[in-house]
Enquirer: 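What follows is a structure written as structure tokens; I'll ask about it next.
By convention in this document, chain letters (A, B, ...) are assigned in the order of the sequence lines, proteins followed by strands, and residues within each chain are numbered from 1.
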There are 2 protein chains.
Amino acid sequence: MTKIQSQFEDYVRRIQHFQEALSLMAWDLRTGAPKKGVEARAEAIGTLSDEVFGLMTSSRMGEFLEALEARAHGLDGRTAALVRECRREYDRNRRIPRERYRAFVVLTAKAESAWEDARNRNDFALLQPYLEEIVAMTREFAGYWGYEKDPYDPLLDLYEPGVRTAEIDPLFATLREATVALVGEIAESGRRPDPGVFARPVPVETQQRICRWALKTIGYDFDRGRLDETAHPFQITLNAGDVRVTTKYVVEDFRSALFSAFHEGGHALYEQGIDPDLAGTPLYAGASLGVHESQSRFWENVVGRSRAFWEHYYGELTKRLGPAWNDLDIETFYAGINDVRPSPIRTEADEVTYNLHILLRYELERALISGDLKVADLPQAWREKTRALLGFEPNRDADGVLQDVHWASGSFGYFPTYTLGNVYAAQFWEAMDRDLGGFDRRLAEGDVAAVREWLREKVHRPGRELQPHEVLKRATGTDRPVAEPLLRYWREKFGPLYGL
Amino acid sequence: MTKIQSQFEDYVRRIQHFQEALSLMAWDLRTGAPKKGVEARAEAIGTLSDEVFGLMTSSRMGEFLEALEARAHGLDGRTAALVRECRREYDRNRRIPRERYRAFVVLTAKAESAWEDARNRNDFALLQPYLEEIVAMTREFAGYWGYEKDPYDPLLDLYEPGVRTAEIDPLFATLREATVALVGEIAESGRRPDPGVFARPVPVETQQRICRWALKTIGYDFDRGRLDETAHPFQITLNAGDVRVTTKYVVEDFRSALFSAFHEGGHALYEQGIDPDLAGTPLYAGASLGVHESQSRFWENVVGRSRAFWEHYYGELTKRLGPAWNDLDIETFYAGINDVRPSPIRTEADEVTYNLHILLRYELERALISGDLKVADLPQAWREKTRALLGFEPNRDADGVLQDVHWASGSFGYFPTYTLGNVYAAQFWEAMDRDLGGFDRRLAEGDVAAVREWLREKVHRPGRELQPHEVLKRATGTDRPVAEPLLRYWREKFGPLYGL
């Protein structure tokens, strides 16, 4: 390693150390930090964030990047990727005038607060002026970052590097048509699982044991993590040996905690599976939000809501639930965790209709950013699109256009990564099914390890050293998101369940 | 506020923000951070510590201090104290050559590890070479810091600003004689509480409820704190609104968790009681280790082990313990929490013999630092002094000279603050007894608030704006630690208990 390379490594590691402190402060705020300490904590977070921002955009960083890029041909893959990622952040941050960035931070902080008010009072007008300014500034930022055809592209690139609207527009169109058709068939099937069977209390201690069991079963390493309780479950990585998850316990429906554990556990398996050689660098991370989401959805849905998994493990679950649940047979359970029906709230949607919620948002935010849709017309557009995609109109804006904080936070370009995650997950499933000689067969034998090790080797190990396209290529042979595996997966799963 | 003052405030607040991150990282390591993340965490802590050290000893800090000291007559008390504390840290850190300081950090890290080995194998020889170097370097550091008469003085000053050996030598001599006499009288009384009455299981959940109740009862504010479980209980302040405590649950003896909660709760009441105007500065802290310990000991012993407190609250405790404990009457309970008898381990000692453990260490470390005692002769000296002070010799060095980590950590001058804490606590008790028209009477009426508010006003509010002597003066009218109140307190308490 050359001298400059080793200085660069030290410099980057220093940034990661501040990031670790920031991540811990965020984790702590969500897992029980005393409420009266929050204001001072926010100031401390501000100080450390400024420090990190300063280090990432310093002239020293600029010098490192130039020097290393000048000898790019001589760099190993890891260093080249490190330079690429630092350059990405450096340019992204330096291209926006500092005072505009600060203005945006202040604006979105106010907008989030206005959004809370607006949702509580079911009054979009309270949010509208903020959202108008956010959309205007987001368009301005897209201009600083630059784009070839579509101002939405640099936004999407924030979360899904290298993916363009030209690529996902046809993908999402295919998906939209097929999903609407499938949801229609399911509704017409006349089969409707009874959600009432789950409405029985399970003590939190029991649910904790079930979640720990589920996490261990999929291969989560508790020596490198911990499980806590939060209102909104999440996964967070502090360092390569400290990958934490949380879940939420609903006494009257244990599915909430269990499937959040699978979901966050899927994120965590990704992080725990990255090559240790990348530890202490920004490459110790997921390739993108979409690839990350593919891993959470894979474990939540493709494994956790599969018949094959429960054929092997249902006894383990009911043993922990206790004798009061003896009447719940595996058929009823399996149907109950795969109840597909349109509903107004994205975060409560099943795995099929979920994507319709995303397509709705994607189409609307594309139109906002292109200028085709005015913020003032957004609530009406939301209602119309909900009717077109889900077949009903939400009763009130609070359960419609006001349900998510993302836009008030300024996160345009974020939503499509959820559906990309579902698409990628099915692509991985199809490739794995082929490589392992039968995905269901392995799961039904309880060979979760085969599934996990396939993902570890094909998807997890490279971390952010590879870009999403490269990960897809490595794992599946195809370097683009495609809809067919997801449609086949649904057909194979929901066909028998709903007699289609 | 002048411009330079406000810049200084910002600069100091920035340091506090890094300190908050460091405190949280330390708290997290002790409350369940995954073990495989510890190594990376230690590196992150190293980076942030370096940052803090750099900020505290920077030429910028030097310029602030010079500029503000030049206009000292125009400064308000708060700013003057802030300058005093920053100057103290600045000089202390700058006077030691950087490479000597680093060598000491490395040495003590190795010594702590050697100490663990030595204790586990009951072999002082494993620690001896490290301890010899630590003593030599500590003497060297004392030289850098400077002193008038005794090289121990600058060490004591690290933890107890403004207190000198010339002052505590006669105090400790008085205490030694009176304590040995009292312990002898108690042993001769023939009364010995039966420790067996506590050896019954209390589930952790029950003990958690009891600890929460105890903390609330003494006035700990859970909106500005939280209670967790750790192997070694501690209190830590992250910011003025976030003052945390921990305790340890021993299923077969609930006294452990309960009195740790009183003890750490006492520390926490101090921190929660400091003037909010000092928040975000190094003045939001205890005046010294001794004054801090006076608060923990006050609530643990003077309140928590008093008859008056339990006269009012015993029913609340037994209600939570449940019917299995109905046979434990208040007399047996009160005797059992005040069992005075010599034992080899400091951390398990009762409130009377505890000070003998400290005097033993104080005398030995004075002799090590003055050069009168060689490290090689320490184990023998330990045994002899234990016989002289406690009346027996420890069976093995692991339960004797090797029981504490302090010396291996390089913490010379720390031990006496424990006994100073007990001495101060009794001085506060005496003054409060006078001011409140009867301490016992108030407690027996359940008026814990009167006790707490007296401490808050007299001791807590000034935080580190005042020095230990000034706090004593403000609270008791006397500006020196004196032994008589402690001796009177013991006489009044243990006289009736042991029929003396």
Side-chain angles (χ1 to χ4, degrees), chain A residues 10-11 13-29 31-52 55 204-205 220-228 237-245 268 271-272 276 279-281 284, chain B residues 10-11 13-29 31-52 55 204-205 220-228 237-245 268 271-272 276 279-281 284:
Chain A
D10 287 348
Y11 189 86
R13 185 164 295 114
R14 187 175 161 79
I15 297 177
Q16 292 303 111
H17 290 158
F18 287 113
Q19 294 278 24
E20 174 163 347
L22 281 166
S23 298
L24 179 61
M25 291 199 281
W27 173 85
D28 182 66
L29 280 180
T31 53
K35 59 184 182 188
K36 290 192 177 162
V38 170
E39 209 178 305
R41 173 65 59 82
E43 285 176 24
I45 288 174
T47 293
L48 268 80
S49 300
D50 273 355
E51 180 75 21
V52 166
L55 288 167
V204 168
E205 294 72 31
Y220 177 75
D221 180 357
F222 273 93
D223 285 343
R224 296 201 285 153
R226 53 180 283 171
L227 169 66
D228 293 270
T237 297
L238 304 185
N239 64 51
D242 192 345
V243 174
R244 305 185 180 189
V245 292
E271 298 274 331
Q272 290 188 335
T281 80
Y284 199 97
Chain B
D10 287 347
Y11 189 87
R13 185 166 292 113
R14 188 174 161 78
I15 297 176
Q16 292 302 111
H17 291 158
F18 287 114
Q19 293 279 25
E20 175 163 347
L22 280 166
S23 298
L24 180 62
M25 292 200 279
W27 174 85
D28 182 65
L29 279 180
T31 53
K35 59 183 179 187
K36 289 190 177 165
V38 170
E39 208 177 307
R41 173 66 57 82
E43 285 177 25
I45 287 175
T47 293
L48 269 79
S49 300
D50 273 355
E51 180 74 21
V52 166
L55 289 167
V204 168
E205 295 72 30
Y220 177 75
D221 179 358
F222 274 93
D223 284 344
R224 295 201 285 151
R226 52 180 283 170
L227 170 66
D228 293 271
T237 297
L238 304 184
N239 64 51
D242 191 344
V243 174
R244 304 184 182 190
V245 291
E271 298 275 329
Q272 289 188 334
T281 79
Y284 198 95

Enquirer: Just how far is it from atom CD of Glu51(A) to atom NE2 of His17(B), taken to the nearest 0.5 Å?
Expert: 13.0 Å

Enquirer: How far apart are the closest heavy atoms of Arg244(B) and Asp28(A), and which atoms are they?
Expert: NH2-OD2, 2.7 Å

Enquirer: Any salt bridge between Glu43(A) and Arg14(B), counting N to O under 4.0 Å?
Expert: no

Enquirer: Please state whether the side chain, the backbone, both or neither of Arg41(B) comes within less than 4.5 Å of a heavy atom of chain A.
Expert: both

Enquirer: Heavy-atom distances under 4.5 Å only: say whether Ala240(B) touches chain A with side chain, backbone, both or neither.
Expert: neither

Enquirer: Taking all non-hydrogen atoms of both residues into account, name the closest pair between Pro34(A) and Gly241(B) and its distance.
Expert: CB-O, 3.7 Å

Enquirer: If you tally heavy-atom pairs under 4.5 Å against chain B, which of Leu48(A), Asp223(A), Asp50(A), Asn239(A) wins?
Expert: Asp223(A)

Enquirer: So which heavy atom on Ala33(A) is nearest to which on Arg226(B), and how close?
Expert: N-NH1, 4.0 Å

Enquirer: Which bit of Leu238(B) comes within less than 4.5 Å of chain A, counting heavy atoms only: side chain, backbone, both or neither?
Expert: side chain

Enquirer: Under a 4.0 Å threshold between the charged nitrogen and the carboxylate oxygen, would Lys36(B) count as salt-bridged to Asp242(A)?
Expert: no

